*Asks:* 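Quick one: structure below, then a few questions.
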Amino acid sequence: MEKNFLWGGSLAAHQCEGGFLEGGKGISNMDLVTKGSKNTDREIHNELREGYYYPSHKGIDFYNRYKEDIQLFAEMGFTALRISIDWSRIFPNGDDEKANEEGLAFYESVVDTLNEYNIEPILTLFHFELPARLISKYQGWSNRKVVYLFEKFAEVMFKRLDGKVTYWSTFNEINHLDPNSVSSQFFTYYLSGLNYEELDNPKEAVARIAYNTALASTRIVQLGHKINPKNQVGCVFGINPQFPETCKPETMLANLLENEKELYQMDAMCRGAFPVYKLKEFENDGIQLEIEESDKADFRNGTLDFMGLNYYMSSVTPNEESENEALFGGIQNKYLELSEWGWAIDPVGFRYTMNWLYRRYQLPMIITENGFGAEDTLLPGNIIEDDYRISYLESHIKEMMKAIEEDYVDCFGYLSWAPIDLVSASTGEMSKRYGFIFVDLDDNGNGSGKRIKKKSFEWYKKVILTNGESLK
Ligand code: BG6
């Protein structure tokens, strides 16, 4: 492994910050989502209601405790931390004239703290945090106007943090948007604040969000380079590869087409053109996009500097006659174990995905998320024996190292999700824990909020200290 390989973790504002309405923050889409559970979906509200718990309001109070948390990351030897900027902290309504100084000062202080510890800040401009006003006024990303408002927000951030941040990500996981895929229904809200079931023309909305976000990414890449040529602007993709259940040719074809649903936007952002087959597919479905002549030049000139990979699991494309559905479509893989939340544990699938994407796009890659959500037990003496987490991470990091050292994938870092417990994006629970650091809060936000090191804390510290050699 290269000496300057980045080791660290990733966080998202709506899952950790809390600080609801503090420092002039406005309401974002994620502030309107209630707590769910393994078996209950989170509810999406149009406005805040009495008697419900909205987990983003409290998060883990990173907003007020970031110095303490970053100090713990530094103790583990982190050389990188990925955070996201909540757009509604900077432009509370999304389309305000002026940026909110308190919001800017907050992110600048977080970045300064990271730099003091020589931890490379990696900033995601959009990790599902959309000012709620943009939903009621413009229908979120389905309206092209939002592309330009986002650009204004990005420009403010690039300028304010110029010289302090090199690595930027335009979006987190916009690639789950295909008008004909089931998971898009869930992601339509996370990515654009729209309730899929309430839309008049949901397929068109999904296609528009997909096109507009991909276009926005290309414009932000160009903007970032113009403001400072040293800026490295990438995008983070969540890839959950599907394998065919059998080699039956029909299943092979279905499998190919399923995987492509998650990749066409990535093609647009990495290869310099929005795929023509996809535009024809949209047209054939009666979907109208808001396309302008200048878009072609934007796709050509705004290709990514690097790709971020979020990897958790793989799944299977069934033969027509198969039953036994798995999470996020497909069926359960008989060779793999599941986490308590039904996510298939597949370290070799990680190596597979790294090779697949690297060979397809030939761009430098960073692992921006990988981790294991599990319930932890706090034993007397503040002890947490999270061997299951160590085992997941160890097997995945080993496969990543094989991808780098044996397959020559150009990967420059590994960021775990998440280095500290935080609110789960899909369920809103605290009890789906990922961290090396335990946070004493329950699913309703009750508890001291105290930070406690788990067994995995020392384990990851050693991995970083030895640059992965301790796993060999
Ligand atoms: C990724 C998201 O897809 O999965 C994160 O980028 C999320 O925001 C992570 O937290 C894990 O998912 P969950 O639902 O277990 O929090």
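These figures come from a predicted structure and were not determined experimentally. All ligand and atom numbering here is 1-based and tracks the order in the structure.
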*Asks:* Is a salt bridge present between K455 and D387, judged by a nitrogen-to-oxygen distance below 4.0 Å?
*Replies:* yes

*Asks:* What protein heavy atom sits nearest atom 2 (C) of ligand 1, and how far off is it?
*Replies:* E369 OE1, 3.3 Å

*Asks:* Salt bridge between E204 and R208, side-chain N to carboxylate O under 4.0 Å?
*Replies:*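 Here E204 pairs with R208 in a salt bridge, since their nearest N and O are under 4.0 Å apart.
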
*Asks:* Evaluate H14 for polar contact with ligand 1, using N/O atom pairs at a separation under 3.5 Å.
*Replies:* no

*Asks:* Among all protein heavy atoms in this structure, tell me which lies nearest to atom 16 (O) of ligand 1, with the distance rounded to 0.1 Å.
*Replies:*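 Going by distance alone, atom 16 (O) of ligand 1 is nearest to A425 N, 2.7 Å.
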
*Asks:* Among all the protein's non-hydrogen atoms, which is closest to atom 14 (O) of ligand 1, and how far away is it?
*Replies:* S426 OG, 2.5 Å

*Asks:* Could you check whether any side-chain N or O of N333 sits under 3.5 Å from a backbone N or O of S315, counting only pairs where one atom can act as donor and the other as acceptor?
*Replies:*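 Between the backbone of S315 and the side chain of N333 there is no qualifying donor-acceptor contact (under 3.5 Å).
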
*Asks:* Starting from atom 10 (O) of ligand 1, what is the nearest protein heavy atom, named by residue and atom, and what distance separates them?
*Replies:*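 Result for atom 10 (O) of ligand 1: Q15 NE2, 2.8 Å.
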
*Asks:* Under 4.0 Å between a Lys/Arg side-chain N and an Asp/Glu carboxylate O for K25 and E17?
*Replies:*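 Salt bridge flag = no for E17 with K25.
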
*Asks:* Would you call K278 and D267 a salt bridge, using N to O less than 4.0 angstrom?
*Replies:* no

*Asks:* For H176 and F186, I'd like to know if the aromatic rings sit close, meaning centre-to-centre distance below 6.0 Å.
*Replies:* no

*Asks:* Do F436 and F457 have ring centroids that are under 6.0 Å from one another?
*Replies:* no

*Asks:* Could you say whether the N/O atoms of A12 and ligand 1 ever approach to under 3.5 Å?
*Replies:*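 So ligand 1 has no N or O lying under 3.5 Å from an N or O of A12.
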
*Asks:* Is it true that E429 and R42 have a side-chain N and a carboxylate O under 4.0 angstrom from each other?
*Replies:*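 No salt bridge links E429 with R42.
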
*Asks:* Would you mind running through ligand 1 and noting each atom that sits below 4.0 Å from a heavy atom of N172?
*Replies:*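 In order of number, 6 (O).
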
*Asks:* In the protein, which heavy atom is nearest to atom 12 (O) of ligand 1, and how far is it?
*Replies:* W343 CH2, 3.4 Å

*Asks:* Quick one: do D178 and K261 make a salt bridge, cutoff under 4.0 Å?
*Replies:*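 No, D178 and K261 are not salt-bridged.
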
*Asks:* Identify the protein heavy atom lying closest to atom 15 (O) of ligand 1, giving its residue, its atom name and the separation to 0.1 Å.
*Replies:* Y434 OH, 2.5 Å

*Asks:* Looking at ligand 1, is there an atom of it that comes within less than 4.0 Å of some heavy atom belonging to W341?
*Replies:*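 So W341 does not count as touching ligand 1.
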
*Asks:* Give the numbers and elements of all ligand 1 atoms closer than 4.0 Å to a heavy atom of S424.
*Replies:*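 Listed by number with element, the hits are 13 (P), 14 (O), 15 (O), 16 (O).
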
*Asks:* Any idea which protein heavy atom is nearest atom 9 (C) of ligand 1, and the distance to it?
*Replies:* Y312 OH, 3.3 Å

*Asks:* Taking distance alone, with N or O pairs closer than 3.5 Å, would you say K432 contacts ligand 1?
*Replies:*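 Yes, K432 has an N/O under 3.5 Å of an N/O on ligand 1.
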
*Asks:* Measure the distance from atom 3 (O) of ligand 1 to every protein heavy atom, then report the residue, atom name and distance (to 0.1 Å) of the closest one.
*Replies:* E173 OE2, 2.7 Å

*Asks:* Between D376 and K432, is the closest basic N to carboxylate O distance under 4.0 Å?
*Replies:* no

*Asks:* Under 4.0 Å from a heavy atom of N310: give me the atoms of ligand 1 that qualify, with their elements.
*Replies:*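 Contacts of ligand 1 toward N310, numbered from 1: 6 (O).
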
